[in-house]
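Report on the following structure.
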Amino acid sequence: MLKPGTYFMEGNEACAEGAMRAGLGLYAGYPITPASEVMNHLAKELPKTGGRFLQMEDEIASIAAVIGGAWSGLKSMTATSGPGFSLMQENIGYAVMTETPCVIVDVQRAGPSTGQATKPGTGDVMQSRFGSHGDYEIIALAPNSVQEMFDFTVRSFNLSERYRTPVVLLADAGVGHMREKFTIPEKVKTIERKRPKEVDKEFFDTHEEDHVPPMPDFGEGYELMVTGSTHLGDGTRDTASFEAQDRLVRRLNAKINDNREEIEDWEEMGCNRADLVLISYGSISRPVKGAVKKAREDGYDIGFFRPKVIWPSPEDRMKEIGKNSEVMLVELSLQGYRMEVERCVGSENLYIFDILNSLPTIEQVYEKIMEVIE
Amino acid sequence: MLKPGTYFMEGNEACAEGAMRAGLGLYAGYPITPASEVMNHLAKELPKTGGRFLQMEDEIASIAAVIGGAWSGLKSMTATSGPGFSLMQENIGYAVMTETPCVIVDVQRAGPSTGQATKPGTGDVMQSRFGSHGDYEIIALAPNSVQEMFDFTVRSFNLSERYRTPVVLLADAGVGHMREKFTIPEKVKTIERKRPKEVDKEFFDTHEEDHVPPMPDFGEGYELMVTGSTHLGDGTRDTASFEAQDRLVRRLNAKINDNREEIEDWEEMGCNRADLVLISYGSISRPVKGAVKKAREDGYDIGFFRPKVIWPSPEDRMKEIGKNSEVMLVELSLQGYRMEVERCVGSENLYIFDILNSLPTIEQVYEKIMEVIE
Amino acid sequence: MITTKDIRNKYVKNYPSAFCPGCGDGMVLNAMSRAVEKSGIDQKKVAAVSGIGCAAWIPSPYWKVDTLHTTHGRAIPHATGLKVGNKDLEVMVVSGDGDCAGIGGNHLLHAARNNIDLNVLMINNGLYAMTGGQVAPTTEHGEKTLTTPYGNPSQGIDICNVVKHSGASHVARWTTYHMNELIKEIERTIDIKGFSFIEVLSQCPTRTGKKEGLSGVEMLEWYRENTTKNKEEEGIYVGEIQYVERTELTEEIYEQISKRGGKPR
Amino acid sequence: MITTKDIRNKYVKNYPSAFCPGCGDGMVLNAMSRAVEKSGIDQKKVAAVSGIGCAAWIPSPYWKVDTLHTTHGRAIPHATGLKVGNKDLEVMVVSGDGDCAGIGGNHLLHAARNNIDLNVLMINNGLYAMTGGQVAPTTEHGEKTLTTPYGNPSQGIDICNVVKHSGASHVARWTTYHMNELIKEIERTIDIKGFSFIEVLSQCPTRTGKKEGLSGVEMLEWYRENTTKNKEEEGIYVGEIQYVERTELTEEIYEQISKRGGKPR
Amino acid sequence: MADCLNIKIDRDLCTGCGICIRFCPKDILEPSEDLNQYGNYYAKVVDLDSCIVCRRCELFCPDFAITVEKEEEKC
Amino acid sequence: MADCLNIKIDRDLCTGCGICIRFCPKDILEPSEDLNQYGNYYAKVVDLDSCIVCRRCELFCPDFAITVEKEEEKC
Amino acid sequence: MIKVRIGGWAGQGTVLAGTVLGRSLALQQGYDVVQRRSYSAAVRSGIAYSDIIADRVEVNDLTIEVPDYLLILYQKTLEEWDKEVKLCENLIVDSTRVKKVKKTDGNIYEVPAGQIAEDIASSKAANIVLLGALARVCEDIELEKLVDTIKSEFPKKYKQMNVKAVKAGYAYIEDLLTKD
Amino acid sequence: MIKVRIGGWAGQGTVLAGTVLGRSLALQQGYDVVQRRSYSAAVRSGIAYSDIIADRVEVNDLTIEVPDYLLILYQKTLEEWDKEVKLCENLIVDSTRVKKVKKTDGNIYEVPAGQIAEDIASSKAANIVLLGALARVCEDIELEKLVDTIKSEFPKKYKQMNVKAVKAGYAYIEDLLTKD
Ligand SMILES: Cc1ncc(C[n+]2csc(CCOP(=O)(O)OP(=O)(O)O)c2C)c(N)n1
Ligand SMILES: Cc1ncc(C[n+]2csc(CCOP(=O)(O)OP(=O)(O)O)c2C)c(N)n1
Ligand code: SF4
Ligand code: SF4
Ligand code: SF4
Ligand code: SF4
Ligand code: SF4
Ligand code: SF4
Ligand SMILES: [Mg+2]
Ligand SMILES: [Mg+2]
């Protein structure tokens, strides 16, 4: 683990460093381009900090070991890309249902299927939200710089522990394989999971406002019952009653929805009543930001809006923007964030600039802006 | 395989019968509640028709064998429920990318995770569209009766062969485990996949308007190159070029999008300028329809809209409806079709009646209608 | 002398169970409880991990230890994370034949290869009971099940043999008829550092039983008559199949950590 | 006499390949081509299925037969569908050690159990080459790789042994040094009805080579010196490991169909 | 022996599977005539005196329904 | 022998891996001095006369770059 | 509209009985029928029931809140349901297994179905005995058609026994009513 | 803004050279730097290159359409690129492997980097030789800082050789320019 200071490294390595700063206790993963550097780096560094490193036989085993690790009391993580992320979906749903804090890094590449393993894409945005069966909400963050690969990894752990839920760091090959300066501060703020107090007996339900029950470790003597089946507050399986399903699933969703304000995060520039607001996220948002800056310097009233937390989406703010401005979504995929943005801003005043496989230049984005506003 | 006639059977059995009528050549699956009856039935009946039945070691192997079966020249299918559907996602993406016709039946149960295996839910609607990584479009049908379990299975095969793409029959435990009368007609219309003509050399690209290239079988001497990596028209892998990715992925999406008119299907009743239109699909749409009928009989101007093909969604029609009427979405899940409906009709005039785990009575839906319109 | 009542009070909850009358799964729970009691280890430190299936319900929600009821086939990798996370836990895995050797086969193979210190009980009732009686990897060639109405075209696997050759320290087979031996063997797995695997042939009177027209009692009798503790004799061998000492994964990992100056948290 | 040029023209396309200089993967392609040529079967009826990895690229896009380049670890079940779909296809599976025995281990196990008539070549270079040289299930204990910088805490598996005990008809091991034997063995798999598995130890000069400081040539020399055809001798055994006749899945399925009056389409 | 020995069968835990009845070496147990609340013919003791306290019944019971209680001091 | 025997090495297919050079029993081959278009020192024949046409070089070449052509009629 | 619920414990054949009834009404009596089953994930445990809704017009109500006819094969099941029992029009219980009947606003029929079935062949046929009883209580259900359905649907070796069972159930109520 | 592309074939160390340059500019010269790499899924095959964009302000352009400085280690790579070669301001090639240089509007520097590197220790260091050449061609890049970066980053046994290589590349251009 690196000392506080400034470094010039790859996004994936910064992610690994962020994880260690956040208190990573167990990493389990399986190699895949373009995410492998996260594990390659941790294989070497994590043991020095006392953390356990495991290369598993596949991605299903990886996410499973991560969940086991979390219940042993450790902060746990895995990193993968599209094909592996698809394989993990069943057990991500299990983590949601059992309220297991853990971080899943998806360094997106150009899909579908094996696609182009070294090329960036953001075709997993909707998958990160809906890839597992059943009703659930999830938190996902989309970094656009090496510094954010570090910072957002830390925040992913914090959100995960805070809300006792899996968090997806939705990176892309652009930002994962990019090298930039980034700074490890002297102090990194970390959040630890809620632990049971003497009085707690329910670890799967709560009447507290934040909807987050306390979580003990295995081995503490609570006779824990953890199950991915529908269950009551004490963990007892209930595979039939309407009430159990209704209460559990609604609370799990509320845990994210009712805490949106605390979770949401975005960057914006000149979005109030601009003629056109460009929405973008991940690596491609860099040239988009550059183009917006340029357009503004050239006197156009153009705004820039970038969700940093992509799920839950900053829907209220996007709706506001959509009311006052035309919007252009720029993304590295055909479907990406499109349905959600359209839901928020409507389809009438929405332009799309979707580009597959590679990042446009500032110039190219600028031209698109001109096409639209002229 | 049953003779033409009328039967009183379970939805899952009707599905199996429909598959055989459509020309099912290979079934590969893995048991799971509430879908197992499809395979239990086929294990017995399929061999009598000359079809191959395989129980595989898991759902990943099942979908893989289905894809292999399709390339051997057969119509192929698997059936599962949420947990298995999650496991299949990686290879569903592979089927999309390689343009492999096949049918995946997902008899949805209450999730997330293991949830309540015998209870109905529709929490996989978004997953069926976005569950695999990368950009793709897919076709999914949502039956609401035993007759439709038969009919839509046939249509799933037809669409799959017509567009050389995986098709999801998105049933639910309600309709899968329900018994009703259904009729097997004398003649069932089937569609066969486009085969190469003498002149064809490209099996992964086409200049034809429907975007569907011809598909040969293995063993015919074409030196086929089938790959889930990005590829050129003749199948050669190209994991780097922008053009290959752009052309392939856009065509795959266009194959569905540009043929929406031919694919879309819905049922509607009194939707033109009604005060309120109820949108619903799957088993729950039955009591919803009942309630709308009742309300109309009672003199209210209420409409009923039911997508039969749920992906691609009947978006134009839903947008129209949303312009003229308030809308209430009634579904067996919290997320289900919500984002898509909201995208089409807007969030201002949208009411939600989401109910988990069990079907409401007509009376209950009726009350909800009254709550909204009064 | 410890009676059933003591065992029940100390180790069992949520009874009566959902198991059918005469099901072997309750007998396994009985055996596990007595083994833990005998071994003298701290009950708080016992963790039981299971997948999905009738057998997977044995610990969850019935066993009074920490239980992790996971997804179908994935008990072993979940258990791996738990064990590597905290090596002081005594991690038991309870899994059906379909769960463990069917969908979960790869994890079994690799956990054995890693020789990680887990104690795996595979409850073999020869089919997929919970979903209604479909063919399993343990079903014999030619046998009829719900999905092999014309006889199993495939063949059953001798999973103990596979696990042995994958690198496990300890492999044994017993049946629910051999309660005393089973208890002793489970107790041994607790002592053994390394991957322990016990196959327990166990009756499913509902699925197998119905098909073959056998009651739970008759199936136990069948076990008695068709098993042998003598490897040379005909019949299904019961007893130890493998015991060797090999490097164990968790220990290796902890050692690497302390060698690199890290302190396992 | 058939020369390389003839082989190249008849069986190989898209060369030069993307393999590194001295990589064993090209040698395997060479051996496969010659084996098919020798066997005399109709090239049109040969199907090659592979997963993801350097080894998986051997047939796709280089081999002039129908090729199915599938997802990582899933070549065998895809091949199963193909074979059961059309039993006249001669289905070859080409898979790396990670692909076949790592992520794909369960399919391997069950295909062997089913004894389905596939010919599987597992190209064992001892690590995950395509992704940069991470540890594989075949990597020996203590070995250093990209993800085991302090030595592999786990141990390598003898996959041939596992496949044998899972029920495969035919199991053998060779190396790229044994080209003639390898060709003969592949030819045999074509003749054999049942599951055939050949492990091919194959050099990866880029990943393993770099780490150990060995060139492709030196690795071939290493194979020569460290292998033996004599089971009693020390060293890695190469040659046939198993051959038995057992019921084969595809045939059983076709038989059941025709017995029930169905005609396989 | 009978006064220091007691075989307790929990009527509602017993599923009437008959395992204890069959494997008791001394035929101490038999099925009841009436049903318990789950509709099962539970096991009952018919010949306590012959019991040799081998505890096989306890050991084999899948449902923790049968307990052989022997007060060592008294006997 | 030389006039009916020809060892053809495809300069651009050859990756210069040296396998044929090393495993030729007669040391017929050697690396070239100049690079091919891929920057590899390809193999070249230096002593055709000693070739015993064992075809090991062909058999071992990973890149299908070397062909031993012997016109049987002529020899 | 006819709404029937057949409730019991897993393994008691509530679904089978429901299917026989549903099929008979659908195929032999020309009703539009929906039959649904409910059970928990446990194989042989928990409440299981089967609902049959039949009508002369398209059936869209798939859920029974209060059945017209409630058939009960198991004590615990009865206890689980309050509203259903209280409000149903006719409660028909297998008095062999249901010893304590709860109060209801409707008619109560206690049929020792388990005993009757056991006398015929096996207590397993208690579900079919209750079905026979139902056929007598509900005038819209024709016994002859039920018999036909049983004959055409059951495997040979169970045919006879179930025909007897359904008739015995019918006869029991017949007796009961004529005794009144 | 400085835009450098180092292009070659997989395995030639284009990314390594790019990283050395990027790190030096970022950490030693205080630039904002983005470095990106491009390669295909093939391990040792296909074109590989590394792009470095450095500026005194925040870098948001992540893509180089036309580099200011184009370093080429491989003939095929050169041939693949048209616009980039034609329009770049400075083309620096390893003339050991690049025999046929295409026309460009900018300056061409032919450096026998492979040969120079081989003379020092191993032709593998050709990438670093080119980097030295770049440092001489581009005034904003300081050789001393490059040397510092190499010293602090390379493993001990490669340090000396690479310091020599970078200096030799620099010297070669120095000679060339002073000869003019
Ligand atoms: C991914 C997934 N696939 C399938 C299922 C359905 N399922 C539940 S239990 C089971 C079989 C269990 O068989 P086994 O492990 O032998 O346990 P048994 O019930 O026989 O004790 C299956 C296939 C599931 N829950 N999840
Ligand atoms: C689901 C999934 N996980 C991971 C990968 C990344 N991946 C590609 S090749 C490979 C390793 C291949 O190793 P092996 O099979 O031994 O082949 P080799 O490259 O060594 O020949 C991996 C992990 C992937 N493509 N898909
Ligand atoms: S179905 Fe079989 S295994 Fe499952 S509880 Fe019943 S008897 Fe036991
Ligand atoms: S990395 Fe290794 S296995 Fe892959 S092509 Fe290069 S030498 Fe062959
Ligand atoms: S203790 Fe032994 S003898 Fe006594 S009742 Fe139990 S089994 Fe029979
Ligand atoms: S073994 Fe247990 S459950 Fe079975 S009859 Fe005896 S006491 Fe009852
Ligand atoms: S044929 Fe034999 S002797 Fe002749 S060059 Fe080739 S390897 Fe050498
Ligand atoms: S073996 Fe082939 S590639 Fe290698 S040096 Fe010889 S001819 Fe060239
Ligand atoms: Mg089982
Ligand atoms: Mg490998």
Side-chain angles (χ1 to χ4, degrees), chain B residues 1 23-26 28 43-54 56-58 60-76 78 90-91 93-95 97-98 100 102 216-229 231-232 234-239, chain D residues 13-14 18 42-47 49-50 52 57 59-91 103-104 106-107 109-111 113-114 249-250 253-265:
Chain B
M1 189 165 68
L24 178 63
L26 184 145
K44 219 168 159 189
E45 300 304 322
L46 186 57
K48 299 180 192 164
T49 72
R52 294 87 167 136
F53 176 87
L54 279 169
M56 301 297 288
E57 57 273 18
D58 62 21
I60 299 176
S62 301
I63 179 75
V66 161
I67 293 168
W71 282 101
S72 82
L74 300 175
K75 295 187 184 176
S76 307
T78 188
E90 189 199 7
N91 285 283
Y94 178 78
M97 193 69 155
T98 53
T100 305
C102 56
D217 299 345
F218 268 54
E220 294 188 318
Y222 287 99
E223 289 169 21
L224 265 166
M225 287 181 286
V226 184
T227 177
S229 294
H231 45 271
L232 305 175
D234 68 352
T236 319
R237 183 170 52 238
D238 181 345
T239 57
Chain D
K13 60 186 176 187
N14 290 321
D42 184 357
Q43 191 174 346
K44 279 189 195 169
K45 293 295 170 200
V46 177
V49 185
S50 62
I52 302 285
W57 283 20
S60 173
Y62 303 121
W63 214 24
K64 273 195 191 167
V65 304
D66 290 330
T67 55
L68 191 64
H69 178 234
T70 70
T71 44
H72 189 37
R74 316 305 171 187
I76 287 177
H78 279 92
T80 298
L82 208 48
K83 180 73 189 180
V84 172
N86 179 357
K87 74 170 180 357
D88 297 335
L89 295 175
E90 187 64 43
V91 182
I103 188 169
N106 204 34
H107 309 304
L109 202 95
H110 290 288
R113 172 174 68 80
N114 292 332
L249 182 69
T250 318
I253 289 176
Y254 277 71
E255 209 180 290
Q256 290 194 347
I257 289 173
S258 51
K259 268 198 194 148
R260 300 295 139 186
K263 240 187 272 164
R265 276 181 275 257

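Keep in mind it's a predicted model, so treat the numbers as computed, not measured. The sequence lines fix the lettering, A, B, ..., with proteins before strands; numbering per chain opens at 1.
- Residues meeting the ring pair (Phe, Tyr, Trp, His ring centres under 6.0 Å) test with Phe53(B), sequence neighbours left out: Tyr27(B).
- For Val84(D), the parts lying under 4.5 angstrom from a heavy atom of chain B are both the backbone and the side chain.
- Only the side chain of Ile253(D) comes within contact range of chain B, with at least one heavy atom under 4.5 Å from a heavy atom of that chain.
- Looking at Ser76(B), its side chain does come within 3.5 Å of a backbone N or O of Ala70(B) through a donor-acceptor pair.
- Residue contact with chain B, scored on non-hydrogen atoms closer than 4.5 Å, is absent for Lys83(D).
- When the candidates Ala28(B), Gly73(B), Ala64(B) are compared by the number of heavy-atom contacts under 4.5 Å with chain D, Ala64(B) comes out ahead.
- Inspection of the Tyr94(B) and Arg74(D) side chains reveals no N or O donor paired with an N or O acceptor under 3.5 Å.
- Heavy atoms closer than 4.5 Å to chain B are found in the side chain of Leu249(D), but not in its backbone.
- Remark: Glu90(D) pairs with no residue by the salt bridge (charged side-chain N to carboxylate O under 4.0 Å, His left out) rule, at least two apart or across chains.
- The most heavy-atom pairs under 4.5 Å with chain B, out of Asn106(D), Asn86(D), Thr70(D), come from Thr70(D).
- Heavy atoms closer than 4.5 Å to chain B are found in the side chain of Asn14(D), but not in its backbone.
- The backbone N or O of Tyr254(D) lies less than 3.5 Å from a partner atom in the side chain of Ser258(D), making a donor-acceptor pair.
- Interface check for chain B: of the options Val46(D), Asp88(D), Leu89(D), the most heavy-atom pairs under 4.5 Å are formed by Leu89(D).
- Most heavy-atom pairs under 4.5 Å with chain D, from the set His231(B), Met225(B), Met97(B): that is Met225(B).
- No donor-acceptor contact under 3.5 angstrom links the side chains of His110(D) and Asn114(D), judged on distance only.
- Comparing Arg113(D), Gln43(D), Lys259(D), His107(D) by how many heavy-atom pairs each has under 4.5 Å with chain B, the most go to His107(D).
- For the residue pair Trp57(D) / Ser50(D), no side-chain donor-acceptor distance below 3.5 Å is found, with atom types taken as modelled.
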